[in-house]
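Note sheet for the following structure.
Just so it is clear, the values below take in all heavy atoms, side chains as well, and ignore hydrogens, waters and symmetry mates. Just so you know, residue 1 is the first one in the sequence shown, and it goes up from there.
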Amino acid sequence: MNDSFYEQLVSRKSRPIDLVIRVITILALLLFTFIGFMLLGFFIILVIILLAFLVHVFLFPRLNVEYEYTLLNNDMQIDIIYNKEKRKSLLSFNLRDAEIIAPQDSPALASYHAEKTLNFTSLKPSAKVFKMYITINQKKYVLLLEPDSKMQEHMKTWMGTKFISE
């Protein structure tokens with residue numbers, strides 16, 4: 001078999017809102033502790049411990065995100081990985097269904113429009129971001145991706161002239 005397989009991991013840069021969420025959550029827990037301690041006494045410590053545990057398990061891991069692009073022949077899958085532990089499949093599609101893939105500032109993209117944009121990039125200003133226009137379940141999407149040079153080669157193999165590298 002001559003299957004072509006490639007995986008790429010893209011770590012999302014921490015957004016400013018992530019720090020704000022962490023600080024506000026911790027301050028809210030502290031405020032709740034002081035106010036509750038005056039009203040309910042020591043019982044509030046159990047409630048605070050439970051709330052802090054829930055925040056630590058469910059909220060904070062969602063602020064540390066990585067995307068994994070998996071390309072097997074012409075099938076691409078995009079997964080999200082929270083806190084380097086929990087994986088969730090976001091999207092799976094055939095590359096041949098894409099209308100075009102090009103750098104986000106390419107003039108070739110001027111005539112394409114989408115209903116929804118999905119951003120699977122690192123959010124770093126220096127990153128080379130590609131836009132992929134594709135129809136999935138009768139909805140037009142633009143996917144923002146950061147394929148490295150090897151991933152670009154694999155995409156070009158399956159996309160042909162629909163893939164514009166420069």
Side-chain angles (χ1 to χ4, degrees), residues 1-26 28 54-166:
M1 264 208 187
N2 290 336
D3 285 341
S4 172
F5 179 79
Y6 187 69
E7 285 182 324
Q8 179 187 350
L9 198 64
V10 175
S11 296
R12 188 179 75 188
K13 185 181 93 169
S14 198
R15 302 171 298 178
I17 190 74
D18 294 343
L19 180 62
V20 171
I21 291 171
R22 289 177 195 266
V23 169
I24 288 175
T25 304
I26 291 169
L54 292 174
V55 164
H56 178 72
V57 170
F58 294 109
L59 179 64
F60 287 170
R62 293 199 174 266
L63 302 177
N64 184 9
V65 172
E66 294 177 324
Y67 297 107
E68 183 182 67
Y69 312 146
T70 305
L71 192 58
L72 176 62
N73 295 332
N74 58 335
D75 294 319
M76 187 166 191
Q77 181 171 340
I78 300 174
D79 295 341
I80 189 167
I81 302 169
Y82 295 110
N83 209 31
K84 299 184 186 205
E85 294 174 357
K86 187 177 179 187
R87 172 188 304 269
K88 181 180 175 187
S89 181
L90 294 179
L91 203 55
S92 187
F93 55 89
N94 189 322
L95 274 179
R96 292 183 179 162
D97 293 339
E99 295 176 42
I100 190 169
I101 302 173
Q104 70 177 354
D105 55 354
S106 174
L109 299 173
S111 64
Y112 293 92
H113 303 286
E115 296 173 38
K116 190 170 184 182
T117 300
L118 302 175
N119 190 343
F120 304 118
T121 65
S122 66
L123 303 177
K124 294 177 184 167
S126 62
K128 186 170 183 183
V129 176
F130 280 73
K131 284 186 175 181
M132 176 189 298
Y133 286 86
I134 189 166
T135 302
I136 302 172
N137 298 330
Q138 284 109 29
K139 270 189 140 178
K140 290 190 178 258
Y141 290 94
V142 59
L143 308 181
L144 300 178
L145 305 169
E146 269 183 61
D148 60 13
S149 59
K150 193 168 180 183
M151 176 73 77
Q152 289 176 36
E153 289 174 24
H154 285 274
M155 290 173 143
K156 188 166 183 76
T157 301
W158 295 103
M159 295 294 299
T161 58
K162 292 183 190 178
F163 184 86
I164 300 169
S165 57
E166 293 300 322

Are any non-hydrogen side-chain atoms of [X] and [Y] less than 4.5 angstrom apart?
X	Y	value
T121	R12	no
V65	I80	yes
L144	L118	no
M76	T70	no

Show the nearest heavy-atom pair for residues [X] and [Y], with the distance to one decimal.
X	Y	answer
A98	M132	CB-CG, 3.9 Å
N94	I134	O-CD1, 3.9 Å
Q77	S89	NE2-OG, 3.2 Å
K140	T135	CG-OG1, 3.8 Å
Y133	L109	CE1-CD2, 3.7 Å
A114	V142	CB-N, 3.6 Å

Between atom [atom1] of [X] and atom [atom2] of [Y], what is the distance when rounded to the nearest 0.5 Å?
X	Y	atom1	atom2	answer
K116	Y141	NZ	OH	5.5 Å
S165	M159	OG	CE	12.5 Å
I24	I17	CD1	CD1	7.0 Å
I101	S106	CD1	OG	12.0 Å
Q8	Q152	CD	CD	9.0 Å
L145	L143	CG	CG	5.5 Å

Flag, side chain of [X] to backbone of [Y], donor-acceptor distance under 3.5 Å:
X	Y	answer
N64	P61	no
K139	E115	no
Q104	F130	no

Worksheet item: Cut-off 3.5 Å, side chains only: do S122 and E146 have a donor facing an acceptor?
Response: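 Checked: S122/E146 side chains pair up, N/O donor to acceptor below 3.5 Å.
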Fill in: Intermediate values then yes/no, side-chain contact (heavy atoms from CB on, under 4.5 Å), F93 and I78
CA-CA 9 Å; F93 55 89; I78 300 174; 4.1 Å; yes
Worksheet entry | Derivation and outcome, side-chain contact (heavy atoms from CB on, under 4.5 Å), residues L95 and L71 | CA-CA 9 Å; L95 274 179; L71 192 58; 3.4 Å; yes
Discussion item. Taking salt bridge (charged side-chain N to carboxylate O under 4.0 Å, His left out) as the cut-off, I'd like each qualifying pair that reaches into residues 121-134, sequence neighbours left out, listed once.
Written reply: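 Non-adjacent pairs meeting salt bridge (charged side-chain N to carboxylate O under 4.0 Å, His left out): K128-E166.
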Item to complete: Could you note down all residue pairs passing salt bridge (charged side-chain N to carboxylate O under 4.0 Å, His left out) where residues 69-96 supplies at least one of them, sequence neighbours left out?
Response: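 Every salt bridge (charged side-chain N to carboxylate O under 4.0 Å, His left out) pair that includes a residue of residues 69-96, provided the two are not neighbours, is E66-K84, E68-R87, D79-R87.
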Worksheet item: Near F5 CZ, under 6.0 Å, is it more than 12 heavy atoms from other residues, nucleotides or ligands?
Response: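 Yes.
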Discussion item. Quick one, Y69 with E7, criterion side-chain contact (heavy atoms from CB on, under 4.5 Å). Give me CA distance, side-chain angles, the key distance, then yes/no.
Written reply: CA-CA 6 Å; Y69 312 146; E7 285 182 324; over 6 Å; no
Item to complete: Decide side-chain contact (heavy atoms from CB on, under 4.5 Å) for N73 and W158; before the verdict, give the C-alpha distance in whole Å, the side-chain angles of both, and the deciding distance to 0.1 Å.
Response: CA-CA 7 Å; N73 295 332; W158 295 103; 3.6 Å; yes
Discussion item. Between D148 and Y6, does the side chain to side chain donor-acceptor pair (under 3.5 Å) criterion hold? Intermediate values first, please.
Written reply: CA-CA 11 Å; D148 60 13; Y6 187 69; 2.6 Å; yes
